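Keep in mind that this is a model prediction, so the values were computed, not measured.
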Amino acid sequence: MTTQTDTQGSVTTVYKVSGMSCGHCEGAVSGEISEIAGVGSVQAVASTGEVTVVSESPLDDAAVRAAVDEAGFELVGRA
């Protein structure tokens, strides 16, 4: 199931990331994804493995995957 909604000029997408187990993990993933151009906000939740990203337009999945890899985790896909 893909969760992606367009709201007033922004897109919200929920991704599944494996390996997050604590607040530090959430911060690492959020920090890397927030550096992608057009990203407005990122909320990572270790307990569910979900990362909610609000951006100006749909993000390239390869860019998100690269950011998650850089943080040391694995992008499973969209939630």
Side-chain angles (χ1 to χ4, degrees):
M1 177 180 172
T2 298
T3 304
Q4 184 168 329
T5 56
D6 297 317
T7 308
Q8 298 175 352
S10 67
V11 178
T12 301
T13 309
V14 180
Y15 297 94
K16 288 293 279 186
V17 174
S18 67
M20 294 189 299
S21 61
C22 64
H24 181 266
C25 299
E26 294 170 347
V29 170
S30 295
E32 290 296 334
I33 293 175
S34 67
E35 292 182 14
I36 298 171
V39 170
S41 69
V42 181
Q43 180 181 5
V45 180
S47 62
T48 63
E50 292 187 345
V51 180
T52 303
V53 181
V54 178
S55 56
E56 296 171 355
S57 60
L59 298 175
D60 178 44
D61 285 343
V64 177
R65 184 173 307 281
V68 171
D69 286 348
E70 184 66 29
F73 301 94
E74 180 183 355
L75 177 66
V76 176
R78 294 186 187 191

Is there a chain of hydrophobic side chains (I, L, V, M, F, W, Y, each step under 4.5 Å between heavy atoms) that links V39 to Y15?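 Same cluster.
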Does the Q43 side chain pair with the main chain of T52, one donor and one acceptor, at a distance under 3.5 Å? no
Begin with the C-alpha distance, continue with both residues' side-chain angles, and end with the deciding distance and a verdict on side chain to side chain contact (heavy atoms under 4.5 Å, CB included) for L59 and T13. CA-CA 9 Å; L59 298 175; T13 309; over 6 Å; no
So do the side chains of [X] and [Y] get within less than 4.5 Å of each other, counting heavy atoms only?
| X | Y | value |
| --- | --- | --- |
| E50 | K16 | yes |
| V53 | V64 | no |
| S34 | S30 | no |
| L75 | D69 | no |

Least distance between heavy atoms, [X] atom then [Y] atom:
| X | Y | answer |
| --- | --- | --- |
| V11 | E56 | CG2-O, 4.4 Å |
| C25 | G19 | SG-O, 4.4 Å |
| A71 | E32 | CB-CG, 3.8 Å |
| S18 | F73 | O-CB, 3.6 Å |

Got a second to check how far D60's CG is from I36's CD1, nearest 0.5 Å? 8.5 Å
